[in-house]
Amino acid sequence: MEPTVTRFAPSPSGALHPGNARTALFSFLLARRSGGRFLVRVEDSDRERSGEEFVAGQLADLAWLGLDWDAGPDRDDGRGPYRQSERAAIYARLFAQLEAARLAYPCYCSPAELDAARRAQLAKGEPPRYPGTCRQLDAGARAAREAEGRRPALRFAVPERRVVRFDDLVRGPQETDAAAFGDFVIRRADGAAVFFFCNAADDSLMGVTHVLRGDDHLSNTPRQLLLLEALGLAAPRYGHLPLLLDAGGVPQSKRRGSVTVRQLRERGYLPGAVANYLLRLGHHGAPDAWVEPTELARHFDPGKLGRAPAHFDPVQLDHWQRESVRRLSPAQAAEWLAPALPADWPAARRVETARLLQGNLLLPAEAAGWIAVLSGELAPLASEDAAVIAQAGTEFFESALAAFAESGGDLARLAEQIRVRTGRKGRDIYQPLRIALTGRHDGPELAALLPAIPPALVRARLAHAARIH
RNA sequence: GCUCCCAUCGUCUAGAGGCCUAGGACACAGCCCUCUCAAGGCUGGUACGAGGGUUCGAAUCCCUCUGGGAGCGCCA
């Protein structure tokens, strides 16, 4: 069996959104599950909209997600370059080949003429498509237009009476009558190759065997198939993924401020969490439980891709984030939490704190309150919590203070001492203690929390609680 | 306008004519566990867009409608 070669072909005109990331992940997984190769090709044929910062940004996001490519703009394997802007000579050769075979022809129509034709067709209820004006131009007519100073675009001559068929990886057999589209431009008047063309040619030239892409490309596929056929190039198999919608139900876009992969990363979402979520968006067959990033490919099956658009739901992402955070080793947790930890804390304390808090955090930003508990001022008490303190009473906290002098950070001993002094037990001891020491009624185990709070703070807080009635 | 695609709980989905009084996960509610939160365990509510067919029988097949989306560019 031939090895599977897949690719992700980002256009660097913005940030990577979850939808693109999902397409990239699925493509990557498709290659990996068969031991094949995964390529990244930058589709920057539109220089105007492309930015180097977007190239770097998107590549960084892919790497962060754990997708490592075998060849790409930074790693040529002999079939590159992997940026379309550097492949002009290759496209030129292909254009010459098509022209020589009379499978493409120069078109001198002006934008105004094309627009007029389009309007007329629309008015008649016909699909707008190129009427073929320049298809039959002879050498003389062409020379005359050149003399007028017109610069031609190059159009592909779509064969008459052709039905294009292909078997879509996710949608099954597809059939389109070539009559449904007119001759289309493959090289603009300024000499630049259009996306359509580069995309299809590059996939073939780079040995790509399976293309997974958004289903906005579905109806363009027959055109690319025709092009490849005319070029004598092998066509990959195509699979079209439904678009990813925002929770609100509209397609993701930067205009609407859809979240970007970069933003998720900056907020502290873990790559494994994002990957686990993406794996289950518009795809079934993965187990209900967490899948280790290294095992992801085993659970991906293109035959189990859905056909309906899926919604990106932040609540579900959070579920995988929680799973992911819980699985962090103390050292990893410390690294993850680093942005939220005081810079002057020694490594041991950072690791200890991260280990202490990781079961109660979703994102590093939530650690701020706990950092204060461990080293600074407590937030004001909620009224229900203040009531618990008042209920416990002055005597309780004075006893606790005395008990603490003997027990130190050993909670079991502290509780025992308090029990001996006050006769209380269980919840009546732990609850007021927790609130007095942390200012809140939720959080990690008290037994772990207590030794992490400096003794001076413990004494101050117990003394303070003793004064609340 | 034309062509094409899609349609099951709030969300992700299982379901390829009887196994479906529609299953799972997330979220939500309750209970258990527990010093608390989280985790875990148990329980619960919530869905086949509408209407017509076909059939002994339809979430599953067909048609219409509705609702969403895409494409028809010298954009990618």
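Pairing partner, A76(B): none, since no Watson-Crick or wobble contact has both distances short of 3.5 Å. Using N1 to N3 plus N6-O4 or O6-N4 for Watson-Crick, or N1-O2 and O6-N3 for G-U wobble, each under 3.5 Å, A16(B) pairs with nothing. Both distances falling under 3.5 Å, in either a Watson-Crick or a G-U wobble arrangement, place C28(B) opposite G44(B). For A38(B), there is no paired nucleotide, since no Watson-Crick or G-U wobble pair has both relevant distances below 3.5 Å. Pair check for C2(B) finds G71(B); Watson-Crick or G-U wobble, both atom distances under 3.5 Å. A7(B) and U66(B) make up a base pair, with Watson-Crick or G-U wobble contacts both under 3.5 Å. Under the Watson-Crick or G-U wobble criterion, with both distances below 3.5 Å, A59(B) is left unpaired in every strand shown.
Atom CZ of R419(A) and atom C1' of C35(B) are 16 Å apart (whole Å). Distance D428(A) CG to C35(B) P: 12 Å, rounded to the nearest Å. In this structure, R223(A) places its CZ atom 14 Å from P of A76(B), rounding to the nearest Å. When rounded to the nearest whole Å, the span between CZ of R87(A) and C1' of A76(B) equals 17 Å. Atom-to-atom, CG of L449(A) to C1' of U36(B) comes out at 10 Å; the value is rounded to the nearest Å. Rounded to an integer number of Å, the gap from Q358(A) CD to A39(B) C1' is 12 Å. Rounded to an integer number of Å, the gap from H240(A) NE2 to G71(B) P is 12 Å. Regarding N220(A), its CG atom lies at a distance of 14 Å from the P atom of C75(B), rounded to whole Å.
G67(B) and A50(B): their C1' atoms are spaced 10 Å apart (whole Å). Using C1' as the reference atom, A25(B) and U46(B) are 15 Å apart when rounded to the nearest Å. Nucleotides G10(B) and A70(B) place their P atoms 24 Å apart, quoted to the nearest Å. Across A16(B) and U55(B), the matching P atoms stand 23 Å from one another, rounded to whole Å. Taking atom C1' on both nucleotides, A47(B) is separated from U11(B) by 12 Å, rounded to a whole Å. Separation of the P atoms belonging to C12(B) and U54(B) is 34 Å when rounded to the nearest angstrom.
Proximity note for D216(A) (side chain, C-beta onward) versus C74(B), C72(B), A70(B): the nearest is A70(B). The side chain of D313(A) approaches U11(B) more closely than any other nucleotide in the set C6(B), C35(B), U11(B). Checked against G40(B), C35(B), C5(B), the side chain of L218(A) finds its nearest nucleotide in C5(B). Nearest to the side-chain atoms of A310(A) among the listed nucleotides C37(B), C12(B), C35(B) stands C12(B). Distance from the side chain of P309(A) is smallest to C6(B) among C6(B), G71(B), U36(B). Side-chain proximity of E445(A) to the nucleotides A27(B), C35(B), C74(B) is greatest for C35(B). Comparing C26(B), A76(B), A39(B) by their closest approach to the side chain of H319(A) singles out C26(B). Side-chain proximity of N360(A) to the nucleotides A76(B), C74(B), C37(B) is greatest for C37(B). Listed candidates were A7(B), C12(B), C75(B). Nearest to the side chain of Q316(A) is C12(B). Candidate nucleotides G69(B), A38(B), C6(B) were compared by shortest atom distance to the side chain of L243(A), and G69(B) ranks first.
Among the atoms of the strands shown, base atoms are found under 4.0 Å from some heavy atom of A189(A). Nucleic acid contact for H217(A): base, since at least one base atom lies under 4.0 Å from a heavy atom of the residue. Within 4.0 Å (heavy atoms only), R440(A) reaches no atom of the nucleic acid at all. Contact annotation for R187(A): no contact, since no heavy-atom pair falls under 4.0 Å across all strands. L281(A) comes within 4.0 angstrom of sugar-phosphate atoms only, judged by non-hydrogen atoms across all strands, and of no base. Residue contacts shown for H441(A) include a base, since a base heavy atom lies under 4.0 Å away. Across all strands shown, D288(A) has heavy atoms under 4.0 Å from sugar-phosphate atoms exclusively, and none from any base. At a threshold of 4.0 angstrom between heavy atoms, the contacts of R427(A) are confined to the sugar-phosphate backbone, with no base atom among them. Among the protein residues, G426(A) comes within range of no part of the nucleic acid, since none of its heavy atoms lies under 4.0 Å from any strand.
No hydrogens or angles were tested; on distance alone, nothing pairs the side chain of R280(A) with the base of C12(B) as donor and acceptor under 3.5 Å.
Residue-to-nucleotide proximity on RNA chain B shows that, of P111(A) and G285(A), the 5′-proximal contact is made by G285(A). Mapping R326(A) and D215(A) onto RNA chain B by nearest heavy atom places R326(A) at the nucleotide closer to the 5' end.
Remark: R188(A) is in phosphate contact with A76(B), judged by side-chain N or O atoms under 4.0 Å from OP1 or OP2. Residue H284(A) places at least one side-chain N or O under 4.0 Å from the OP1 or OP2 atom of A14(B). Of the side-chain N and O atoms in H311(A), one or more sit less than 4.0 angstrom from OP1 or OP2 of C12(B). The phosphate of C74(B) has OP1 or OP2 within less than 4.0 Å of a side-chain N or O from R155(A).
In this structure, F26(A) has its ring center no closer than 6.0 Å to that of H210(A). Two rings, from F95(A) and F197(A), have their centers less than 6.0 Å apart. Taking the ring centroids of Y130(A) and F184(A), they lie at or beyond the 6.0 Å cut-off. The distance between the ring centers of F312(A) and Y277(A) falls below 6.0 angstrom.
The pair D203(A)-R41(A) counts as a salt bridge, with a side-chain nitrogen and a carboxylate oxygen less than 4.0 angstrom apart. Between R434(A) and D442(A) no salt bridge is recorded (no basic side-chain N to carboxylate O distance below 4.0 Å). Between R83(A) and E52(A) there is a salt bridge, with a side-chain nitrogen of the basic residue lying less than 4.0 Å from a carboxylate oxygen of the acidic one.
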Q: May I have the step-by-step check of salt bridge (Lys or Arg N to Asp or Glu O under 4.0 Å) for R298(A) and E295(A), ending in yes or no?
A: CA-CA 6 Å; R298(A) 271 186 43 215; E295(A) 297 294 297; 2.3 Å; yes
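Between the side chains of D318(A) and Y269(A), a donor-acceptor pair is found at a separation under 3.5 Å.
Only one option out of H217(A), Q84(A), Q224(A) pairs with N199(A) in a side chain to side chain donor-acceptor pair (under 3.5 Å); it is Q224(A).
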